[in-house]
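Lettering follows sequence order; numbering is per chain, from 1.
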Protein chains: 2
Amino acid sequence: MTYRIGELAKLTDLSEHTLRFYEKEGLLVPKRNVSNVRVYSEDDRLWAEFIVHMKGTGMSLEDLKKYKDLRESDSDNYEELVAILIRHKENVEAKMAEYQHNLDLMNKKIAMYEQYMDGQGEKDLYDRFVKEKRTQN
Amino acid sequence: MTYRIGELAKLTDLSEHTLRFYEKEGLLVPKRNVSNVRVYSEDDRLWAEFIVHMKGTGMSLEDLKKYKDLRESDSDNYEELVAILIRHKENVEAKMAEYQHNLDLMNKKIAMYEQYMDGQGEKDLYDRFVKEKRTQN
DNA sequence: CTACACCTTAGAGCCGACTCTAGGTCAAGG
DNA sequence: CCTTGACCTAGAGTCGGCTCTAAGGTGTAG
């Protein structure tokens, strides 16, 4: 099974422009047929999907390029590949912890607003500051 | 307690450039003293920290600006404020679910590489594809 | 044979979010 | 007095990641 650029674009939710851009960057370089049309193989598709997942968790295209180059080098550098994956994994875990922390803050803020709207509470410290400032000016 | 730009920069881990940029964008506008030097108040600091948290979970400066304008408008629009927070919260939760999914994928990939390095396993499908392709060229 | 969808290129433009530069002001300490 | 260091301005530049344009080629159906 092979794909032309429009087909792969639909499958991966990347635009054709983006796929061509990735090719320019050396990140995803398909073969060409006799008419010079890009022909993406099954493993090109799998790699494209991997790209989507990884950039979706914040890996840069630059790092993905490094990963790809490592993997395609002849010097079976699996330790380095694994190291990159583990490093990225740790970044994602750290990000998730930060997200969770900020979710907690948002939930508190939301709860405070809702209490306030019910006339049962006070707005939080920060909002009181703002109010005071406004009434001063 | 008030802060000059250099102090606030240290406290928030934003650069002075960034703080001036935020002011240009109307996102964080301190008062000035007689010498035209920026004087950040305690609630400016709290707001700056809120900005850091929210942009850290992917809220755009544009949306933060909207939030700020809403909050400072006279038409106590708490429903809208809460709606923005809830929308953002849901985005963050969705992002976390995606992250978790991709973490699982990474963990599988890492496990596979490690098995392979121990000589006890096979590289996964995708890597076999790559190998075959390489030996063909 | 021509209309149409789909593909090609090089290169320019855009966007968000900074990041930096050049040149200037001001207050305190030696 | 003079230097140092923190501050000020307007505006230009950078960066990652697209996104689009113009002008043209290809291949298949009616």
Side-chain angles (χ1 to χ4, degrees), chain A residues 1-41 44-45 47-69 88 91 95 98, chain B residues 1-41 44-45 47-69 88 91 95 98:
Chain A
M1 191 59 191
T2 61
Y3 311 91
R4 291 173 68 164
I5 195 166
E7 296 165 333
L8 190 65
K10 267 171 211 155
L11 287 175
T12 55
D13 270 320
L14 298 168
S15 74
E16 301 186 15
H17 288 308
T18 299
L19 288 171
R20 290 192 197 99
F21 168 72
Y22 285 177
E23 179 172 353
K24 234 188 285 184
E25 303 287 292
L27 193 56
L28 173 52
V29 184
K31 294 189 177 159
R32 302 297 184 107
N33 69 13
V34 286
S35 310
N36 196 34
V37 170
R38 290 174 180 82
V39 177
Y40 292 91
S41 65
D44 286 335
R45 183 178 66 77
W47 172 239
E49 280 167 6
F50 186 69
I51 290 172
V52 169
H53 283 310
M54 297 305 270
K55 90 181 168 118
T57 47
M59 185 176 269
S60 68
L61 301 188
E62 193 186 344
D63 283 356
L64 278 161
K65 179 64 166 52
K66 278 184 207 151
Y67 183 87
K68 184 197 169 236
D69 289 345
H88 184 60
N91 288 344
K95 199 83 190 156
E98 187 194 342
Chain B
M1 190 58 190
T2 61
Y3 312 90
R4 293 173 66 162
I5 195 166
E7 297 165 333
L8 190 65
K10 269 171 208 154
L11 287 174
T12 55
D13 269 321
L14 297 167
S15 75
E16 301 185 16
H17 288 308
T18 300
L19 288 170
R20 291 194 197 99
F21 167 71
Y22 285 177
E23 179 172 354
K24 232 187 288 182
E25 303 288 293
L27 192 56
L28 173 52
V29 183
K31 294 190 179 156
R32 302 296 184 109
N33 69 13
V34 285
S35 309
N36 196 34
V37 170
R38 291 173 179 82
V39 177
Y40 293 91
S41 65
D44 286 335
R45 182 177 68 76
W47 172 238
E49 280 167 5
F50 186 69
I51 290 171
V52 169
H53 284 310
M54 297 305 270
K55 92 184 165 113
T57 47
M59 184 176 270
S60 67
L61 301 188
E62 192 186 346
D63 283 356
L64 278 162
K65 178 65 165 53
K66 278 184 206 151
Y67 182 87
K68 184 197 169 235
D69 289 346
H88 184 60
N91 289 342
K95 199 83 189 155
E98 187 195 342

*Give the minimum heavy-atom separation between Tyr40(A) and Leu19(A), together with the two atoms involved.*
OH-CB, 3.8 Å
*Atom-to-atom span, NZ of Lys24(B) to C1' of dT9(D) - whole angstrom*: 9 Å
*Can you pull the contact range of chain A along DNA chain C, 5' to 3', using atoms under 4.0 angstrom from its heavy atoms?*
dC7(C) to dG11(C)
*Flag the pair Val39(A) / Tyr3(A) as yes when at least one side-chain heavy-atom distance between them is below 4.5 Å, and no otherwise.*
no
*asked:* With heavy-atom distances below 4.5 Å as the criterion, would you say the side chains of Leu61(B) and Tyr22(B) are in contact?
replied: yes
*Give a yes/no on whether any side-chain N or O of Arg38(B) is located under 4.0 angstrom from OP1 or OP2 of dC8(D).*
yes
*Can you check the Ile51(A) CD1 to dC18(D) C1' distance for me, whole Å?*
14 Å
*Between OG of Ser41(B) and CH2 of Trp47(B), what distance do you get to the nearest 0.5 Å?*
13.0 Å
*Give, ordered by number, those residues of residues 5-16 of chain B having at least one heavy-atom distance below 4.0 Å to an atom of DNA chain C; if nothing qualifies, reply none.*
none
_Ser35(B) vs Val34(A), nearer the 5' end of DNA chain D by closest nucleotide_ = Ser35(B)
*Rounded to whole angstroms, how far apart are CD on Glu25(A) and P on dG17(D)?*
9 Å
*Using whole Å, report how far CZ of Phe21(B) lies from C1' of dT9(D).*
16 Å
*Does Tyr22(A) make a side-chain N or O approach to OP1 or OP2 of dG17(D) shorter than 4.0 Å?*
no
*Could you tell me whether Glu7(A) and Lys10(A) make a salt bridge, using a distance below 4.0 angstrom between a side-chain N and a carboxylate O?*
no
*Can you tell me how far P of dC18(D) sits from NZ of Lys65(A), to the nearest Å?*
16 Å
_Leu14(B) CG to Leu8(B) CG distance, which is reported to the nearest 0.5 Å_ = 7.5 Å
Under 3.5 Å, sequence neighbours excluded: what are the donor-acceptor pairs made by side chains of residues 50-60 of chain B?
residue, atom, partner, partner atom, Å
His53(B), ND1, Asn102(A), OD1, 2.9
Thr57(B), OG1, His53(B), O, 3.4
Thr57(B), OG1, Met54(B), O, 2.9
Thr57(B), OG1, His88(B), NE2, 2.9
Ser60(B), OG, Asp63(B), N, 3.1

*Any chance you could measure Asp44(A), atom CG, to Thr12(A), atom OG1, to the nearest 0.5 Å?*
11.5 Å
*Residues from residues 55-64 of chain B sitting under 4.0 Å of DNA chain C, heavy atoms only?*
Lys55(B), Ser60(B), Leu61(B)
*side chain to side chain donor-acceptor pair (under 3.5 Å) with Asp69(A): which residues, sequence neighbours excluded?*
Lys65(A)
*Consider the side chain of His17(A), meaning its heavy atoms from C-beta on, and name the nucleotide among dG11(D), dC20(D), dC8(D) that approaches it most closely.*
dC20(D)
*Once you round it to whole Å, what is the distance between P of dG24(D) and CG of Asn36(A)?*
17 Å
_Touch class at under 4.0 angstrom, heavy-atom based, for Arg20(B) against every strand present_ = base
*How far apart are the C-alpha atoms of Arg32(B) and Arg38(B), what are their side-chain angles, what is the distance that settles it, and do they pass the side-chain contact (heavy atoms from CB on, under 4.5 Å) test?*
CA-CA 5 Å; Arg32(B) 302 296 184 109; Arg38(B) 291 173 179 82; 3.4 Å; yes
_List the residues meeting side chain to side chain donor-acceptor pair (under 3.5 Å) with Asp13(A), not counting sequence neighbours, and say none if there are none._
none
